[in-house]
Amino acid sequence: MRLHSRSDDETLKPISSMRLSRFFLPILRETPKEAEIASHRLMLRAGMIRQEAAGIYAWLPLGFRVLKKIEQIVREEQDRAGAVELLMPTLQLADLWRESGRYDAYGPEMLRIKDRHERELLYGPTNEEMITEIFRASIRSYRDLPKNLYHIQWKFRDEQRPRFGVMRGREFLMKDAYSFDVDETGARLSYNRMFVAYLRTFARMGLKAIPMRAETGPIGGDLSHEFLILAETGESGVFCDNEVLDLPVPGEDVDYDGDLSPIVRQWTSHYAATQDVHDEARFEREVPLERRLQTRGIEVGQIFYFGTKYSVPMNAVVSGPDGVEHTIHGGSYGVGVSRLVGAIIEAFHDENGIKWPEPVAPFQVVILNLKQGGSDTDPACEQLYAALTAQGIDTLYHDLDERPGAKFAAADLIGIPWQILVGPRGLAEGKIEVKRRSDGQRELMSPADALARFDA
RNA sequence: CGGAGUGUGGCUCAGCCUGGUAGAGCACCUCGUUCGGGACGAGGGGGUCGCAGGUUCAAAUCCUGCCACUCCGACCA
């Protein structure tokens, strides 16, 4: 199988187009009874996931594509902000967690297992201990700081009650980054970099994510923000000044080495808090009545500054400019990558199915051959499919011998942003129809015009 | 972890109360007619009825235990 093709500009580009006849897309016509919320229902119906156990899902090809797209956006923005990717294992030694004191503190949410030698292991719910161990083994000088290391890896938290599909699974894919600085001043700069990176990350997925002051929970520390997207089905109650919805998101050219505090200040000066930390008196004092927004939200990320919580017990120190050892100041920064798949669907769907924002869509375009086997439609579809693929557009060609109605329903369900309808009726006039999934807008045009429109 | 439920073909469900050798719709296969918003007809394939015991001539159905899953609540990226 060819995995790559060489395009005109000599860069390697993966071939991501697909014929439905070769794909694996087990669409369900009826809604499985266990699915309560829209994203869970639609992910099951669209053949994106299959439940294997409570809170544990197999990612089928369509869902996997979206997961990968989201993961890549997260990765690009972490890299842009100066974080460095690595990959830590899912299994960790219990002894490592005894060093920080969390092995006993964490409770039954942590999955504990033993190997054949009776050694105690755990399936990592997070990686502060391990990254601190990795850091302290190699970094000795303040001159090597700051550092921010991250990985995108599967986590396991044995939730008492998993629900809402991938929004609250036990196994989930998370990006977790860890910053190391010589003092609190430096750590707060690292915190701000992640703050800004998160604003950009979620905006690139088409989401309005609002940073809110948060409790620090079992991770510890004294400075933390949760990033929530607003959705009625969210698990957290939120109170905020609706002006935060219109604040500008920093562009690609943001200087991560510069002073980011004005951006952070702008986003944090408006009232925004989850139910846990909500202060009604302050809310009423600071926000005029007409701007008070009380709704629900889905947490898609959280950032913490936790100081020396792990570096003290685990003895992570560097030599400072003064020649003496300084305990490093740390922060951790999580993004729920798999949760985002569900969260995005919650934000973008209608009664017919999903409406993917283009940056995370599993395909950009789906071609619907309205008369499979037609002497005019088949070659027209083949030409479009080949040309779009050559243009670098991820295209799904619905080439199954199904009735038009079934193809329309399937296309709406799986939510590809653009549908190209190729039928004998339009083709008789040399036209095909381009339909935008987000608003249903349709336009008749020639195949050549359609190709021009999608010329990246 | 408290409370409430559910396990019957891939999916949605009926059958269980009142035991008698397993059904429907959708999906799938074959043929034909169809074909711009989930077609129709005819024929066909597919199920250890969650698992293990027990009662009985006979268990999807009654009894006991276990397992899995779901929902409400408390808790969490």
Side-chain angles (χ1 to χ4, degrees), chain A residues 26-37 40-41 44-45 47 50-56 74 106-110 124-127 152-177 198 209 214-219 224-229 234-236 274 276 297-304 332-343 352-353 368-374 377 400-413 419-428 431-433 435 440 442 444:
Chain A
I27 285 177
L28 303 178
R29 190 159 176 170
E30 292 178 80
T31 302
K33 60 184 171 186
E34 70 269 18
E36 284 296 303
I37 64 170
H40 190 196
R41 203 164 55 229
L44 290 168
R45 285 200 55 215
R50 177 169 175 80
Q51 180 169 334
E52 295 297 336
I56 299 178
V74 171
Y106 215 91
E109 274 197 2
M110 185 154 73
T126 178
N127 286 63
I152 300 172
Q153 176 63 293
W154 291 91
K155 306 292 189 292
F156 195 91
R157 296 184 191 175
D158 201 356
E159 297 281 347
Q160 292 175 9
R161 193 180 160 213
R163 59 183 129 174
F164 304 145
V166 300
M167 299 259 283
R168 186 164 170 194
R170 292 192 293 171
E171 187 183 47
F172 57 95
L173 187 61
M174 181 166 99
K175 185 283 298 180
D176 40 326
Y198 277 33
E215 283 183 335
T216 51
I219 308 264
S224 179
H225 285 89
E226 289 179 343
F227 287 75
L228 288 99
I229 64 167
E235 289 195 85
S236 318
T274 57
D276 308 338
I298 301 166
E299 186 188 340
V300 290
Q302 184 163 14
I303 59 180
F304 301 91
S332 69
Y333 315 90
V335 170
V337 176
S338 49
R339 169 180 284 188
L340 271 165
V341 180
N352 294 325
L368 304 185
N369 186 341
L370 301 184
K371 185 174 184 182
Q372 204 68 43
T377 51
L400 301 180
D401 186 14
E402 288 179 3
R403 299 169 63 83
K407 294 195 178 189
F408 294 141
D412 286 350
L413 175 63
Q419 301 173 9
I420 299 183
L421 283 48
V422 181
R425 207 165 75 190
L427 232 39
K431 298 285 172 88
I432 59 175
E433 195 169 345
K435 176 187 162 187
R442 299 150 174 270
L444 277 171

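Order of the sequence lines sets the chain letters (A, B, ...), proteins ahead of strands, with each chain counted from 1. Worth knowing before you read on, the calculation uses all heavy atoms, side chains too, and leaves out hydrogens, waters and symmetry mates.
The side-chain hydrogen bond (donor to acceptor under 3.5 Å, both in side chains) test applied to A:Glu433 returns A:Arg442, not counting sequence neighbours. The side-chain hydrogen bond (donor to acceptor under 3.5 Å, both in side chains) check on A:Arg170 picks up A:Asp158, with sequence neighbours excluded. For the ring pair (Phe, Tyr, Trp, His ring centres under 6.0 Å) test, no residue two or more places apart in sequence or in another chain qualifies with A:Phe164. For A:Arg161, the salt bridge (Lys or Arg N to Asp or Glu O under 4.0 Å) criterion is met by no residue, not counting sequence neighbours. For A:Lys175, the side-chain hydrogen bond (donor to acceptor under 3.5 Å, both in side chains) test picks out A:Gln78, A:Tyr198, with sequence neighbours left out.
Nearer to the 5' terminus of RNA chain B, by closest-nucleotide assignment, is the contact made by A:Gly426 (compared with the other of A:Gly426 and A:Val300). When each of A:Val337 and A:His40 is assigned the nucleotide of RNA chain B bearing its nearest heavy atom, the one mapping closer to the 5' terminus is A:His40.
The base of B:G38 lies close enough to the side chain of A:Arg45 for a donor and an acceptor atom to sit less than 3.5 Å apart. Below the 3.5 angstrom threshold, one finds no donor paired with an acceptor across the side chain of A:Lys435 and the base of B:G36.
Under the Watson-Crick or G-U wobble criterion, with both distances below 3.5 Å, B:G25 is paired with B:C11. Base-pair partner of B:A42: B:U30 (Watson-Crick or G-U wobble, both distances under 3.5 Å). Shown here, B:G73 forms a base pair with B:C1; the pair counts as Watson-Crick or G-U wobble because both key distances fall under 3.5 Å. Searching all strands for a Watson-Crick or G-U wobble partner of B:G37 with both distances below 3.5 Å returns nothing. The pairing partner recorded for B:U61 is none, the criterion being a Watson-Crick or G-U wobble arrangement whose two distances lie under 3.5 angstrom.
OP1 or OP2 of B:A39 lies within a sub-4.0 Å distance of a side-chain N or O belonging to A:Arg403. When the side-chain nitrogen and oxygen atoms of A:Gln51 are compared with OP1 and OP2 of B:U70, one or more of them lie within a distance under 4.0 Å.
A gap of 15 Å separates the C1' atoms of B:G47 and B:A27, to the nearest Å. The gap from the P atom of B:C67 to that of B:A58 amounts to 29 Å, rounded to the nearest Å. Taking atom P in both B:G5 and B:G41, one finds a spacing of 41 Å when rounded to whole Å. Comparing the C1' positions of B:C26 and B:A39 gives an interatomic distance of 14 Å, to the nearest angstrom. Going from the P atom of B:G20 to that of B:C63 covers 15 Å, rounded to whole Å. B:C66 and B:A59 have their P atoms separated by 24 Å, given to the nearest Å. Between B:G45 and B:U30, the distance separating the two P atoms is 15 Å to the nearest Å. Taking atom P on both nucleotides, B:A60 is separated from B:C51 by 11 Å, rounded to a whole Å.
The interatomic distance linking A:Arg168 (CZ) with B:G73 (P) rounds to 11 Å, in whole Å. In this structure, A:Met110 places its CE atom 15 Å from C1' of B:C76, rounding to the nearest Å. Put simply, CD on A:Glu402 is 15 Å from C1' on B:U34, counting in whole angstrom units. Whole-Å rounding puts the A:Asp401 CG to B:G38 C1' distance at 15 Å. In this structure, CD of A:Glu159 is placed 17 Å from C1' of B:C71, rounded to the nearest angstrom. In this entry the distance linking CD of A:Glu235 with P of B:C72 reads 10 Å, nearest Å. Between the P atom of B:A68 and the CZ atom of A:Arg170 lies a distance of 9 Å, rounded to the nearest Å. Distance, A:Ile56 CD1 to B:C69 C1': 13 Å, rounded to whole Å.
Here A:Gly169 lies in heavy-atom contact (under 4.0 Å) with a base. A:Ala53 comes within 4.0 angstrom of sugar-phosphate atoms only, judged by non-hydrogen atoms across all strands, and of no base. Looking at heavy-atom distances under 4.0 Å, A:Glu36 makes contact with sugar-phosphate atoms alone, never a base. Looking at heavy-atom distances under 4.0 Å, A:Gly423 makes contact with a base. At the heavy-atom level, A:Asp412 lies under 4.0 Å from base atoms of the strands shown. Among the atoms of the strands shown, none is found under 4.0 Å from any heavy atom of A:Leu368.
Between A:Val335 and A:Phe227, every side-chain heavy-atom pair lies at or beyond the 4.5 Å cut-off. Between A:Asp176 and A:Ser332 the shortest side-chain heavy-atom distance does not fall below 4.5 Å. In this structure, A:Glu159 and A:Glu109 have side chains that are in contact, with non-hydrogen atoms separated by less than 4.5 Å. Counting heavy atoms from C-beta outward, A:Gln372 and A:Lys407 have side chains that approach closer than 4.5 Å.
Comparing atom distances between the A:Arg163 side chain and each of B:U70, B:C72, B:G36 picks out B:C72 as nearest.
When only modelled atom types and interatomic distance are considered, A:Gln419 and A:Asp412 share a side-chain donor-acceptor pair under 3.5 Å.
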- prompt: Reading nucleotides 5-15 of chain B from the 5' end, what letters show protein touch, with B for base, S for backbone sugar-phosphate only, - for no heavy atom under 4.0 Å?
  reply: -S----BSS--
